[in-house]
Amino acid sequence: MTRSNNKSKIVAVVIFTVTMTIATNGLYSPGQAVGQQNYGEPEIPQATCNYSGQKYYLTPHLYNDGEKSSRIDFPELPDDHMPDMIVKEGDELTMEFDGKKPIEIEALLVDYDADITETYPLEKIDENTFKATEAGIKTLEVIATFPGNEHVSYTTLVDIEDKT
């Protein structure tokens, strides 16, 4: 092995070690250049769906700061994942948020597996409670509007059982 190859390997190991040290100390996020400050990342409140005395965490899906949108994560699909929640049709789902309080909340069921994506708005009971509709395995999508025209879409996979 030549000296040049040894130096390249040492440099690669050092860069990897520094990057992992920074990442594990919370100073780095994927896609961010090493040494770059993390001032531009939005603070996204954790959202939960409360059903039958149980809290289910919702995954942020899309973020819009009022000007541009960013995809944070992809919704889980029934071909690859089991539903996080099993809900009876007609039962109520209550959304809660840590930190910032939304000024508006919308909820709908999305069937991403259909030939053409289908959406089913949930009946709104009050500002953060909705009635489960449309039986089947679907993606629950909760869209929260926060002050400053920020919008966050959250998702989780649900199985809505028929009333009968």
Side-chain angles (χ1 to χ4, degrees), residues 19 23-24 26-33 36-164:
T19 302
T24 56
L27 303 173
Y28 173 79
S29 63
Q32 177 184 2
Q36 178 183 349
Q37 294 298 317
N38 195 14
Y39 296 116
E41 293 293 319
E43 289 187 27
I44 298 173
Q46 176 62 62
T48 56
C49 177
N50 298 324
Y51 172 69
S52 192
Q54 182 85 18
K55 276 189 175 187
Y56 299 89
Y57 290 93
L58 303 175
T59 303
H61 170 225
L62 299 172
Y63 172 79
N64 181 290
D65 65 4
E67 293 181 22
K68 69 175 190 169
S69 293
S70 303
R71 182 178 307 274
I72 299 167
D73 203 354
F74 289 92
E76 293 181 345
L77 299 176
D79 289 345
D80 304 319
H81 297 88
M82 295 297 295
D84 294 324
M85 301 171 56
I86 299 175
V87 177
K88 289 189 171 64
E89 189 176 19
D91 283 358
E92 294 182 0
L93 307 170
T94 302
M95 311 308 159
E96 292 183 356
F97 300 83
D98 292 344
K100 292 190 244 181
K101 182 179 182 203
I103 54 177
E104 176 69 29
I105 303 170
E106 299 173 57
L108 54 136
L109 295 172
V110 182
D111 187 351
Y112 286 110
D113 279 344
D115 290 337
I116 297 173
T117 301
E118 298 175 5
T119 59
Y120 308 93
L122 296 183
E123 180 184 336
K124 195 168 193 170
I125 306 298
D126 63 30
E127 69 180 33
N128 64 334
T129 302
F130 300 84
K131 187 181 287 189
T133 58
E134 200 61 43
I137 298 176
K138 311 246 183 324
T139 299
L140 171 64
E141 188 157 344
V142 177
I143 303 161
T145 302
F146 295 95
N149 204 26
E150 286 182 305
H151 305 274
V152 181
S153 168
Y154 299 88
T155 64
T156 193
L157 199 56
V158 298
D159 183 0
I160 302 199
E161 297 178 332
D162 205 357
K163 276 185 180 181
T164 57

Count the heavy atoms belonging to other residues, nucleotides or ligands that lie under 6.0 Å from OH of Tyr57, then report whether that count exceeds 12.
no
Between the NZ atom in Lys131 and the CG atom in Asp91, the distance rounded to the nearest 0.5 Å is 9.5 Å
Among Ile160, Thr119, Ile137, which residue satisfies the side chain to side chain contact (heavy atoms under 4.5 Å, CB included) criterion with Leu109?
Ile160
Between Lys100 and Glu150, is the salt bridge (charged side-chain N to carboxylate O under 4.0 Å, His left out) condition met? List the steps.
CA-CA 11 Å; Lys100 292 190 244 181; Glu150 286 182 305; 2.5 Å; yes
When you compare the side chains of His151 and Thr145, does any donor N or O come within less than 3.5 Å of an acceptor on the partner?
yes
Distance alone, cut at 3.5 Å: any donor-acceptor contact between the side chains of Thr94 and Asn128?
no
Does one side chain, of Ser153 or Glu141, offer a donor that lies under 3.5 Å from an acceptor on the other?
yes
Apply the test side chain to side chain contact (heavy atoms under 4.5 Å, CB included) to residues Val142 and Ile105: give CA-CA distance (whole Å), side-chain angles for both, the deciding distance (0.1 Å), then the verdict.
CA-CA 7 Å; Val142 177; Ile105 303 170; 3.8 Å; yes
Interatomic distance, Glu123 atom CD to Thr129 atom OG1 [nearest 0.5 angstrom]:
11.5 Å
To the nearest 0.5 angstrom, please state how far the OH atom of Tyr120 sits from the NZ atom of Lys138.
5.0 Å
Minimum side-chain heavy-atom gap Val152-Phe97 below 4.5 Å
no
Heavy atoms of Pro75 and Tyr112 approach each other most closely as CG-CE1, 3.8 Å
Which heavy atom of Ala132 sits nearest to which heavy atom of Lys88, and what is that distance?
CB-O, 4.0 Å
Which pair of heavy atoms, one from Leu157 and one from His81, lies closest together, and at what distance?
CD2-O, 3.5 Å
Hey, could you give me the CD/CG distance between Glu134 and Asp111, rounded to the nearest 0.5 Å?
9.0 Å
Does a side-chain heavy-atom distance below 4.5 Å link Ile86 with Glu161?
yes
For Glu104, which residues count as a salt bridge (charged side-chain N to carboxylate O under 4.0 Å, His left out) partner, sequence neighbours excluded?
Lys124
If you apply the rule salt bridge (charged side-chain N to carboxylate O under 4.0 Å, His left out), what do you find for Glu127 with Lys101, and how did you get there?
CA-CA 11 Å; Glu127 69 180 33; Lys101 182 179 182 203; 3.4 Å; yes
Euclidean distance, Leu93 CG relative to Tyr51 OH, rounded to 0.5 Å:
7.5 Å
Heavy-atom side-chain proximity of Leu122 to Leu140 below 4.5 angstrom
yes
How about Tyr63 and Tyr154: are their ring centres within less than 6.0 Å of each other?
no
Separation between CG of Asp73 and NE2 of His61, rounded to the nearest 0.5 Å
8.0 Å
Could you tell me whether the side chain of Leu62 reaches within less than 4.5 Å of the side chain of Ser69, counting heavy atoms only?
no
State, yes or no, whether a side-chain contact exists between Met85 and Thr156 at a heavy-atom distance under 4.5 Å.
yes
